[in-house]
Undergrad: 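Mind looking over this structure? Questions follow.
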Amino acid sequence: MALLLLAGSLLLYLAARVYALTAADRSYDRVLAGSALSIAETLSVSGRDVQVDLPYAALDMLSSAPEDRVFYRVFGPGERTVTGYADLPGPREDARLLAAADSGTSHFFDATYRGELVRFAMLGRKINEVDASGWVWVQVGQTRRAREALASELVLGSVLPITVVGLFALLLVWTGIRRALRPLVRVGEDISHRAPADLHPVAAPVPAEILPLVDGINSFMQRLSGNIDTLRTFIADAAHQMRTPLAALRAQAQIALDEDPAQQRSSLRAIDRNAARLSRLLDQLLSDATVIHRADLRRFEPFDLVVTVRKAMAEAVPRADGGSAQFDTPLATAPMSGDEVMLREAVKNLIDNALRHGRTKVCDLAVGLYSDDAGYRIEVADRGPGIAEPDRERVFERFVRGDSLAPGAGLGLAIVRQVVSSHRGAIRLRDRDGGGLVVELVLPADRP
């Protein structure tokens with residue numbers, strides 16, 4: 001606000017300066033014009049000579065500015081000087097000079113003479129005598145010292161009171177803003193003195209103008225508290241899920257140490273199964289963390305969805321034994337904008353779920369990519385037992401499995417839903433013709 005006041009004062013000063021100079025010129029120009037007119041009224045013609053009886057009152061008019069210097073010149077036809085300073089500069093605008101002379105008024109202009117800026121007035125009189133005809137010009141000039149002094153006085157008289165009032169107003173505004181923003185200081189102190197885990201709402205009283213800010217802070221802390229609670233639950237569930245295969249590994253290893261060499265092969269198979277289960281759990285936890293992180297970043301870039309699905313199949317299908325999965329798509333390319341890594345992880349999890357939880361052979365696995373008005377549609381179909389209708393919403397939660405006997409951590413569909421939500425898509429489950437389950441992802445076809 002101080003900068004605005006300074007800029008406004010500068011503009012006000014410039015405007016007042018222009019106005020003051022215009023007013024001073026208008027005032028002193030009248031005196032110059034009167035002086036020139038007094039001299040012009042004494043002009044006479046004798047034969048071919050122009051005569052002038054220079055009245056002292058004509059120059060005495062300009063004595064009200066004793067610090068200024070006065071110059072005059074009378075010259076007749078042919079630029080011949082009758083009296084005065086013969087080297088006075090003439091005007092540059094001859095057309096405006098003649099127009100003013102025809103109307104009987106004075107023409108004013110500024111010019112530098114003897115190192116000073118001088119204001120001149122020129123008045124013309126046309127003579128038509130037998131021996132002499134043409135224009136006779138009267139030129140009177142005065143330096144601008146008195147004009148500048150008057151303009152400065154006018155500027156000071158107009159700008160100074162406004163500047164004083166503006167400074168006083170700025171002081172009042174500064175005091176008012178400090179008082180108005182004092183509640184923000186209390187809010188800042190309240191938040192800065194809290195413990196890291198203290199996320200209860202800010203209760204400090206604030207004015208109505210600051211209430212939206214405090215409501216925004218409280219809403220943010222509420223969401224942060226919910227995210228922290230979700231993270232704690234996730235860590236606890238993950239620790240519980242990892243504890244079971246680790247305990248089984250240790251138990252099988254201890255049994256193997258006590259068994260005969262002939263019986264140790266069975267224990268080693270059990271250890272291998274539990275190690276694979278633990279490895280799968282760690283892979284899914286890492287995939288879930290990757291998806292959550294990239295969903296927060298939202299770094300969407302153009303890519304080809306056909307290539308992405310093929311890569312996901314190449315990475316996920318070889319984990320099963322024998323055969324090859326079916327990939328059906330009428331699309332040569334499927335350009336879209338999104339996170340390719342997240343979508344590839346989603347398709348891999350769907351394929352892995354179909355092979356593991358659906359207990360489907362690779363040759364019975366079908367993956368399709370299609371395009372319609374809603375965008376792109378990815379389908380992953382298996383020949384497993386499917387998911388009961390009441391459980392279809394619950395299987396998207398973390399660490400929840402539709403079939404409790406199937407191995408796994410229950411993270412696959414939760415990861416897929418997170419990916420689809422970040423791309424503003426939808427996920428649906430339906431029964432497959434002939435038995436099995438179809439997981440359908442609908443993604444908007446945002447062209448890159």
Undergrad: Do the side chains of Glu189 and Arg194 get close enough for a salt bridge, i.e. N-O under 4.0 angstrom?
TA: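 Arg194 and Glu189: not salt-bridged.
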
Undergrad: Show the nearest heavy-atom pair for residues Leu369 and Ala334, with the distance to one decimal.
TA: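 What the structure gives for the nearest pair is CD2-CB, 4.3 Å.
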
Undergrad: Any chance you could measure Lys311, atom NZ, to Met313, atom CE, to the nearest 0.5 Å?
TA: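 Separation between the atoms: 15.0 Å.
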
Undergrad: Assess whether a salt bridge exists between Arg144 and Asp68, defined as any Lys/Arg side-chain N lying under 4.0 Å from an Asp/Glu carboxylate O.
TA: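 No salt bridge links Arg144 with Asp68.
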
Undergrad: Just so I know, are the side chains of Met342 and Ser422 near enough to count as touching, which here means a heavy-atom distance under 4.5 Å?
TA: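 In contact.
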
Undergrad: Enter the distance from Ile217:CD1 to Leu199:CG here, rounded to the nearest 0.5 Å.
TA: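 With rounding to 0.5 Å, CD1 (Ile217) is 12.5 Å from CG (Leu199).
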
Undergrad: From Leu160 CG over to Tyr13 OH, what is the distance, rounded to the nearest 0.5 angstrom?
TA: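 One finds 13.0 Å between CG of Leu160 and OH of Tyr13.
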
Undergrad: Using 30° and 60° as the class boundaries, would you call the ring planes of His423 and Phe300 parallel, tilted or perpendicular?
TA: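 Plane angle under 30°, so parallel.
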
Undergrad: Counting only heavy atoms from other residues, nucleotides and ligands, does the tally under 6.0 Å from CG of Leu3 exceed 12?
TA: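 Not buried by this count: 12 neighbours or fewer within 6.0 Å.
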
Undergrad: Looking at Ala23, is its backbone amide N or carbonyl O close enough to the side chain of Ser27 to form a donor-acceptor pair, meaning the two atoms are under 3.5 Å apart?
TA: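 No, the answer is negative, given that no donor and acceptor are paired below the 3.5 Å cut-off.
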
Undergrad: Does CZ belonging to Arg430 count more than 12 external heavy atoms closer than 6.0 Å?
TA: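 Yes - once you tally the heavy atoms of other residues, nucleotides and ligands closer than 6.0 Å, there are more than 12.
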
Undergrad: Could you go through Tyr370 and Asp372, starting from their C-alpha distance and side-chain angles, then the distance that decides it, and tell me whether this counts as side chain to side chain contact (heavy atoms under 4.5 Å, CB included)?
TA: CA-CA 7 Å; Tyr370 312 99; Asp372 52 27; over 6 Å; no

Undergrad: Hey, which of Asn353, Asn349, Val380 is the one that makes side chain to side chain contact (heavy atoms under 4.5 Å, CB included) with Val416?
TA: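 Among Asn353, Asn349, Val380, the one that satisfies the side chain to side chain contact (heavy atoms under 4.5 Å, CB included) with Val416 is Asn349.
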
Undergrad: Does a side-chain N-to-carboxylate-O contact under 4.0 Å join Arg145 and Glu116?
TA: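 Salt bridge between Arg145 and Glu116, a charged N being under 4.0 Å from a carboxylate O: yes.
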
Undergrad: Verify side chain to side chain donor-acceptor pair (under 3.5 Å) between Arg223 and Ser219, making sure each step is shown before the conclusion.
TA: CA-CA 6 Å; Arg223 296 195 305 270; Ser219 176; 2.9 Å; yes

Undergrad: Classify the side-chain pair Thr308/Glu340 by whether it contains a donor and acceptor separated by less than 3.5 Å.
TA: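 There is such a pair (donor and acceptor under 3.5 Å, judged by atom type) between the side chains of Thr308 and Glu340.
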
Undergrad: Can we say Glu148 and Arg17 salt-bridge, meaning some charged N sits less than 4.0 Å from an Asp/Glu carboxylate O?
TA: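 Looking at Arg17 together with Glu148, the answer is yes, because their closest N to O distance falls below 4.0 Å.
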
Undergrad: For the residue pair Arg179 / Thr175, report whether a side-chain donor-acceptor contact shorter than 3.5 Å exists.
TA: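 Thr175 vs Arg179: no donor-acceptor pair found between side chains.
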
Undergrad: Stepwise, does the side chain to side chain contact (heavy atoms under 4.5 Å, CB included) test hold for Ile351 with Lys348?
TA: CA-CA 5 Å; Ile351 295 174; Lys348 286 167 56 179; 5.8 Å; no

Undergrad: At their closest point, which heavy atom of Leu21 faces which heavy atom of Ala151, and how far apart are they?
TA: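 Nearest heavy atoms, Leu21 then Ala151: CD2-CB, 3.6 Å.
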
Undergrad: Nearest 0.5 Å, what's the CG-CG distance between Leu32 and Asp25?
TA: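 Leu32 CG to Asp25 CG: 9.5 Å, rounded to 0.5 Å.
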
Undergrad: Using the side chain to side chain contact (heavy atoms under 4.5 Å, CB included) rule, take Arg69 and Arg114 through it: C-alpha gap first, then chi angles, then the decisive distance, then the call.
TA: CA-CA 11 Å; Arg69 299 169 62 190; Arg114 297 189 179 182; 3.9 Å; yes

Undergrad: Could you state the interatomic distance from OH (Tyr376) to CE (Met336), rounded to the nearest 0.5 Å?
TA: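 One finds 7.5 Å between OH of Tyr376 and CE of Met336.
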
Undergrad: Where do Val438 and Ala381 come nearest, in terms of heavy atoms and distance?
TA: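 That closest heavy-atom pairing would be CG2-CB, 3.7 Å.
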
Undergrad: Any chance the side chains of Thr333 and Asp304 put a donor and an acceptor closer than 3.5 Å?
TA: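 Short answer, no.
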
Undergrad: Sub-3.5 Å donor-acceptor pair from the side chain of Ser103 to the main-chain atoms of Ala100, do we have one?
TA: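 Such a contact is found between Ser103 side chain and Ala100 backbone.
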
Undergrad: Answer yes or no: is there a side-chain heavy-atom contact under 4.5 Å between Phe71 and Thr143?
TA: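 Yes - at least one pair of side-chain heavy atoms lies under 4.5 Å apart.
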
Undergrad: Quick one, Asn218 and Val214 - any side-chain contact, counting heavy atoms below 4.5 Å?
TA: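 Heavy-atom side-chain distance check passes, below 4.5 Å.
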
Undergrad: So which heavy atom on Val138 is nearest to which on Ala36, and how close?
TA: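 So the two residues come closest at CG1-O, 3.8 Å.
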
Undergrad: Output the distance between atom CH2 (Trp135) and atom CG (Leu98), rounded to the nearest 0.5 Å.
TA: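 Output value for this atom pair is 7.0 Å.
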
Undergrad: Before we go on, tell me: are the rings of Phe120 and Phe108 under 6.0 Å apart, centre to centre?
TA: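 Aromatic pair excluded; centres sit 6.0 Å or further apart.
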
Undergrad: What residues, two or more places apart in sequence or in another chain, satisfy salt bridge (charged side-chain N to carboxylate O under 4.0 Å, His left out) together with Glu389?
TA: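 With sequence neighbours excluded, Glu389 shows a salt bridge (charged side-chain N to carboxylate O under 4.0 Å, His left out) to Arg392, given in chain and number order.
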
Undergrad: Near Asp198 CG, under 6.0 Å, is it more than 12 heavy atoms from other residues, nucleotides or ligands?
TA: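 Count over threshold, so yes.
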
Undergrad: Between the main-chain N or O of Met221 and the side-chain N or O of Ser225, is there a donor-acceptor pair closer than 3.5 Å?
TA: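 Not at all, since once roles are kept as given, no pair shorter than 3.5 Å links the two residues.
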
Undergrad: Is it the case that the side chain of Ser35 and the backbone of Val31 share a donor-acceptor pair, with hydrogens and angles ignored and the cut-off at 3.5 Å?
TA: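 No: the side chain of Ser35 does not pair with the backbone of Val31.
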
Undergrad: Do the non-hydrogen side-chain atoms of Leu343 and Val420 ever get within less than 4.5 Å of each other?
TA: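 A side-chain contact is absent here, since even the closest heavy-atom pair is not under 4.5 Å.
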
Undergrad: So, do Leu150 and Arg147 sit near enough that their side-chain heavy atoms are less than 4.5 Å apart?
TA: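 Leu150 vs Arg147: side chains apart.
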
Undergrad: Do you know which two heavy atoms are closest between Pro89 and Gln139, and how far apart they sit?
TA: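 Heavy atoms only, the tightest pair is O-NE2, 2.8 Å.
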
Undergrad: Can any side-chain N or O of Arg383 pair as donor or acceptor with the backbone N or O of Gly435 at less than 3.5 Å?
TA: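 The answer is yes, because a donor-acceptor pair under 3.5 Å joins these two groups.
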
Undergrad: I'd like to know if the side chain of Ser158 reaches the main chain of Val155, judged simply by a donor and an acceptor atom lying under 3.5 Å from each other, with no hydrogens or angles considered.
TA: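 Yes, Ser158 side chain to Val155 backbone: donor-acceptor pair under 3.5 Å.
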
Undergrad: Taking the side chain as every heavy atom from C-beta outward, state whether Arg119 and Tyr28 have any pair of such atoms under 4.5 Å apart.
TA: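 Side chain of Arg119 against side chain of Tyr28, heavy atoms only: no contact under 4.5 Å found.
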
Undergrad: Side chains of Val439 and Leu437, heavy atoms from C-beta outward: is any pair under 4.5 Å?
TA: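 Heavy-atom side-chain distance check passes, below 4.5 Å.
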
Undergrad: With side chain to side chain contact (heavy atoms under 4.5 Å, CB included) as the criterion, how do Leu350 and Leu413 come out once you've worked through the C-alpha distance, each side chain's angles and the decisive distance to 0.1 Å?
TA: CA-CA 7 Å; Leu350 289 179; Leu413 290 179; 3.8 Å; yes

Undergrad: Looking at every non-hydrogen atom in both residues, tell me the closest pair between Ala180 and Pro207 and how far apart they are.
TA: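 It is O-CG, 4.4 Å.
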
Undergrad: Does the side chain of Met122 reach to within under 4.5 Å of the side chain of Ser106, using non-hydrogen atoms?
TA: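 When only atoms from C-beta onward are counted, Ser106 and Met122 do not touch, as no gap falls below 4.5 Å.
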
